[in-house]
Colleague: 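What follows is a structure written as C-alpha cells; I'll ask about it next.
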Amino acid sequence: MADPTNSEIAAAFDELGDLYELDGAIIHRVVAYRNAAKVTRDASVSVAQLTREGRVTELPGIGATLETKLVALVETGAIPQAERLRAKFPAGLLEMTRLPGLGPKRARRLYEELGIDSLEALETAARQQRIRDLRGFGARAEENFLAAIARATADAEARGGNGSGRFVLDRALAIAEPLLELLRAHPTSHQVELAGSARRWGESVKDLDIIATADDPRALAEALAASDLVESTAGLGDNGARVRTHSGMGVDLKVVAPDQFGNVLQHFTGSKEHNVALREAAVKAGLHVSEYGILDDASGETLRCATEQEVYAKLGYAYIEPELRENRGELQAARLDGGSGLPELITEADVKGDLHSHTTASDGKNEIEQMAEAAQALGYEYLAITDHSASHGFGDDVSPQQLEAQIERIHAANAAFPGIELLAGSEVNILPDGSLDYPDELLARLDWVIASVHSSFSLGEAAMTERVIAAIDHPSVDAIGHLTGRKIEARPPYALDVTRVIEAAARTGTMLEINGAPDRRDLNDVHARAAAQAGVLILVDSDAHRTRTLASSRRYGIATARRAWLTAAQVANTRSWKEFAPLRKRVRAGG
DNA sequence: GCCGTTTTCGGCCCGACTGTTTTCAGTCG
C-alpha cells in the first residue's frame, strides 16, 4: 500500500477535528487537530515516512496520541476513531457547519432535536418554519439559513465548479493595484497599504483588506465606493467602507488613527497562525497583542505603534517580511535575543536571466527576436528559448527536424543580439515511461533542456516518481519544469514523492524550477524551501508565452521564492551568464 | 491533544458581531 501523502494526512486530521468538534470535544483538542493538519501540510518531508521511523513527534504539535493515529493510518489506511465518528454524524452535518453563521454546536442541536442532517433538510425545515420553536433559534435564524443556502448555491454556480470562492493572486492584484493607486492619489489620504494574504503574496485570496490613514476618512471611503471597479457598497462610514467589485471580490477599507497604523496593519496582514503564535509568545512576557495595541501587564498601559517595525521591536523581534509570516519558524529566527536571524530574501532585481520561454515555434505569441528584445529591456544577460517538444500536440509540437531549424534560428538571433546570450533550448516532454521525446543526440546539441510532464497525470505516485527521476538521471536534462503540474484553484498536483525527487536532483546536480506563471507557482513555497535546503539550485522562470509575461510572471516566481525563505545565492539565475553557464549539468558532466 | 526559563497538570490569543436573551453562547476572522 502506498504511503498517504502529507496533504491526505492533513485532510484526515482536519476531518477528525471537525468530527470531534461536532462530538462536543473541548475546543483546544479540536484546535490541536487543526494545528497538526497545518503542520503536516507545511512539512517538507514525508510525514508517513517520519511515522514509520518513529520520529514523527519531532514535529511541533504532534504528540503521542496523534502518533498512534498516524501509525494506524500508515499501516491500515484508516483511523479507527474517524470511522466511529463518521458513523455517528452524517456527512451532510459537516456540510451544514460550513454554512456561514452555523457552527458545530447549533448544527448538532438541529440534528438531534429536529433530525436535520443535510443542507436540503435544513432548507425544508426553515421554509416550514419548524426551526423557530427550538430554544435559542428564532424566525431570524430561519431567514438567515435560507439566505446563506441561496448565496452558497448562487456562488457555486457563478464559479462554475471552483467551489472555494478564492481568486488566484494575479486576478486579485489586478483589482487591488488600481484601487491602491486611487486611494493613494486621493488628497485626504496619507498612508495606504494592502494587508491580508495578498500582501503576503499567498497563492490565492478570498478578499482584499486595505488599511489607510486620512485627514477625512469618510471622503476616502466615498472615493473607494465611487470607483468604476465597485459594483455595490455594503457599509460606509468614518472607519472606512466595505464594497464588492464587479468581479465578485469583497474589498474592506479600514481608515485608522496614524498612531495605530502599525498595529492594525500587522493584525490584518496575518497570517492567523503567525498572529496566534506571536500573541502566545507575548503573553509569556506579560504582553497582550491586539489590533489596537500592545497591553503591558506591568504598567497597565497600551502601547500604540505607528509602524509594524515598532510592533515587532516591542515584542523582541526583528522586522519580519510579510511573505514569511506563516508560523514556519520565522518568529524563532527573528528573536532579537538568540534567534538565528532571518534570511536576506531574493528580490526581482536579483534576476539576471530566464531559462523557460516560448515562441511561435510552439504555442508562444512572439518571435525569438521579440522575446530577446523584451529580455534585454529587463536587463537580462541570458534567455533560454524552450519551445514544446515533438509529442506536445494541440498543433504546438516541434518535430526533430523543426527543432534543428529552430536551433539555427536561435543561433542566428544570438549573433544579432550581442548584448544577450540566447540559449537554444527545449521544454521537452517526459513521457509516461520516463523517456524524452527527442533523440539523445539532438538533446545533446542544445544549450539548455528543461524537462516537464504534460500528459498522463494520473499514473500514481510510484510510477510518477520513477518517471520524473528517470528524466533527472538523463545527462542532457538541466532542469525540471513545473514539478507537480498543479494549477492553483483549478487542478491539484499529481501524486509524486517530492522528497525523493529532491534527493535525485541534489545527487545529479539537476536544477528545479519555480515556475512563475501565477496559476502555477510550482515548485510551491514549501517544496522550494526543502529543495534549497537539500542543496538543489533553484530557478525562477517565467514560462513566458509572450513578451509581457517575462516580467509579469517573474514577480510571482520571486514571491514564491521569498515565501520559501530563499536568498539570491540559492537561486541559480541570479548569477551572471559567466557564472551560470558552467553550472549547467551538461557542462559539468562534459568537464 | 499539546506542552513546560513560573507547570508532567493546568493552562492553552484577541476582539467583534449576532441573535436571543435579561447576561451570554456561538460564530467568525
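Everything numeric in this text was worked out from a predicted model, so none of it was measured. FYI, side chains are in, hydrogens and waters are out, and symmetry mates aren't considered; it's all heavy atoms of this structure. Chain identifiers are assigned alphabetically (A, B, ...) following the order of the sequence lines, protein sequences preceding nucleic acid strands; residue numbering begins at 1 within each chain.
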Colleague: Determine the Euclidean distance between corresponding C1' atoms of B:dA25 and B:dT20; express it in Å to zero decimal places.
Modeller: 10 Å
Colleague: Which nucleotide wins on minimum distance to the side chain of A:Lys105, given the candidates B:dG1, B:dG29, B:dG26?
Modeller: B:dG26
Colleague: Any strand is fair game: report the nucleotide pairing with B:dT8 by Watson-Crick or G-U wobble, both distances under 3.5 Å, or none.
Modeller: none
Colleague: Determine whether A:Leu66 and A:Tyr33 satisfy the following criterion, side-chain contact (heavy atoms from CB on, under 4.5 Å), listing intermediate values before the conclusion.
Modeller: CA-CA 8 Å; A:Leu66 283 176; A:Tyr33 278 95; 3.3 Å; yes
Colleague: What interatomic distance, in whole Å, is found between C1' of B:dT8 and the corresponding atom of B:dC13?
Modeller: 24 Å
Colleague: Separation of A:Asp252 atom CG from B:dG29 atom P, in whole Å?
Modeller: 12 Å
Colleague: My understanding is that only one of A:Ile79, A:Leu70, A:Val56 makes a side-chain contact (heavy atoms from CB on, under 4.5 Å) with A:Ile9; could you say which?
Modeller: A:Leu70
Colleague: For a quick test of reading the model: is some side-chain N or O of A:Asn275 closer than 4.0 Å to OP1 or OP2 of B:dC13?
Modeller: no
Colleague: If I pick the P atom on B:dG15 and the same atom on B:dG10, what distance separates them, to the nearest angstrom?
Modeller: 27 Å
Colleague: Output one line per pair: protein atom, nucleotide atom from nucleotides 20-23 of chain B, and distance, for all N/O pairs under 3.5 Å.
Modeller:
{"residue": "B:dT20", "atom": "OP1", "partner": "A:Gly138", "partner atom": "N", "Å": "2.6"}
{"residue": "B:dT20", "atom": "OP1", "partner": "A:Ala141", "partner atom": "N", "Å": "3.4"}
{"residue": "B:dT21", "atom": "OP1", "partner": "A:Gly136", "partner atom": "N", "Å": "3.4"}

Colleague: Over how many whole Å does the gap from A:Asp297 atom CG to B:dC13 atom P extend?
Modeller: 14 Å
Colleague: Does a side-chain N or O of A:Arg29 approach OP1 or OP2 of B:dG1 to a distance below 4.0 Å, or not?
Modeller: yes
Colleague: Give A:Tyr292 one of three labels, base, sugar-phosphate or nothing, depending on what nucleic acid heavy atoms sit under 4.0 Å from its own.
Modeller: sugar-phosphate
Colleague: Rounding to an integer number of Å, can you tell me how far A:Asp23 CG sits from B:dG1 C1'?
Modeller: 15 Å
Colleague: Does any donor atom in the side chain of A:Glu310 or A:Asn263 lie under 3.5 Å from an acceptor atom in the other side chain?
Modeller: no
Colleague: Using the C1' atom in both, what is the distance from B:dT6 to B:dG1, to the nearest Å?
Modeller: 23 Å
Colleague: If you take all heavy atoms of A:Ile175 and A:Leu229, which pair is closest and at what distance?
Modeller: O-CD1, 3.9 Å
Colleague: Considering only B:dT27, B:dC13, B:dG29, which nucleotide approaches the side chain of A:Pro104 most closely?
Modeller: B:dT27
Colleague: Rounded to whole angstrom, note down the P distance from B:dC17 over to B:dT22.
Modeller: 22 Å
Colleague: Does B:dG1 have OP1 or OP2 sitting under 4.0 Å from an N or O in the side chain of A:Lys69?
Modeller: yes
Colleague: Side chains of A:His288 and A:Asp297 only: does a donor on one sit below 3.5 Å from an acceptor on the other?
Modeller: yes
Colleague: I'd like to know if A:Glu95 pairs up with A:Arg98 as an ion pair, taking the criterion as any Lys NZ or Arg NE/NH1/NH2 lying under 4.0 Å from an Asp or Glu carboxylate oxygen.
Modeller: no
Colleague: When all nucleic acid strands are considered with a 4.0 Å heavy-atom cut-off, which category describes A:His288: base, sugar-phosphate, or nothing?
Modeller: sugar-phosphate
Colleague: Side chain of A:Lys272, heavy atoms from C-beta onward: which of B:dC13, B:dC14, B:dG1 has the nearest atom to it?
Modeller: B:dC13
Colleague: I'd like to know if the side chain of A:Gln309 and the backbone of A:Tyr319 have a donor-acceptor N/O pair within less than 3.5 Å.
Modeller: no
Colleague: Please report, rounded to the nearest Å, how far the P atom of B:dG26 is from the CG atom of A:Leu102.
Modeller: 13 Å
Colleague: Determine the Euclidean distance between corresponding P atoms of B:dT21 and B:dG26; express it in Å to zero decimal places.
Modeller: 13 Å
Colleague: What is the nucleic acid contact for A:Ile26, judged by heavy atoms within less than 4.0 Å: base, sugar-phosphate only, or nothing?
Modeller: base
Colleague: Categorize A:Val276 for me: base, sugar-phosphate, or nothing, with a 4.0 angstrom heavy-atom threshold over every strand shown.
Modeller: base
Colleague: Can you measure A:Phe145 atom CZ to B:dG19 atom C1' for me and round it to whole angstrom units?
Modeller: 11 Å
Colleague: Select base, sugar-phosphate, or nothing to describe what A:Val30 touches, counting heavy atoms under 4.0 Å on all strands.
Modeller: nothing
Colleague: What interatomic distance, in whole Å, is found between C1' of B:dC12 and the corresponding atom of B:dT7?
Modeller: 12 Å
Colleague: Mind calculating the distance between CD1 (A:Ile27) and P (B:dG29) to the nearest angstrom?
Modeller: 14 Å
Colleague: Checking all strands, does A:Ala277 fall into the base, sugar-phosphate, or nothing category for heavy-atom contacts under 4.0 angstrom?
Modeller: nothing
Colleague: Evaluate the ring planes of A:Tyr317 and A:Tyr312, with Trp represented by its six-membered ring, and classify them as parallel (under 30°), tilted (30 to 60°) or perpendicular (over 60°).
Modeller: perpendicular
Colleague: Are any non-hydrogen side-chain atoms of A:Glu203 and A:Arg486 less than 4.5 angstrom apart?
Modeller: yes
Colleague: Between A:Arg199 and A:Glu308, is there a side-chain N and carboxylate O pair less than 4.0 Å apart?
Modeller: yes
Colleague: Tell me whether the OP1 or OP2 atom of B:dC2 has a side-chain N or O from A:Thr65 closer than 4.0 Å.
Modeller: yes
Colleague: Name the residue closer to the 5' end of DNA chain B, choosing between A:Leu66 and A:Thr97 according to the nucleotide with the nearest heavy atom.
Modeller: A:Leu66
Colleague: Provide, to the nearest angstrom, the distance between the CD atom belonging to A:Glu280 and the C1' atom belonging to B:dC3.
Modeller: 11 Å
Colleague: In whole angstrom, give me the gap between the C1' atoms of B:dG11 and B:dA16.
Modeller: 25 Å
Colleague: A:Lys284 has an atom NZ; how far is it from atom P of B:dC2, in whole Å?
Modeller: 16 Å
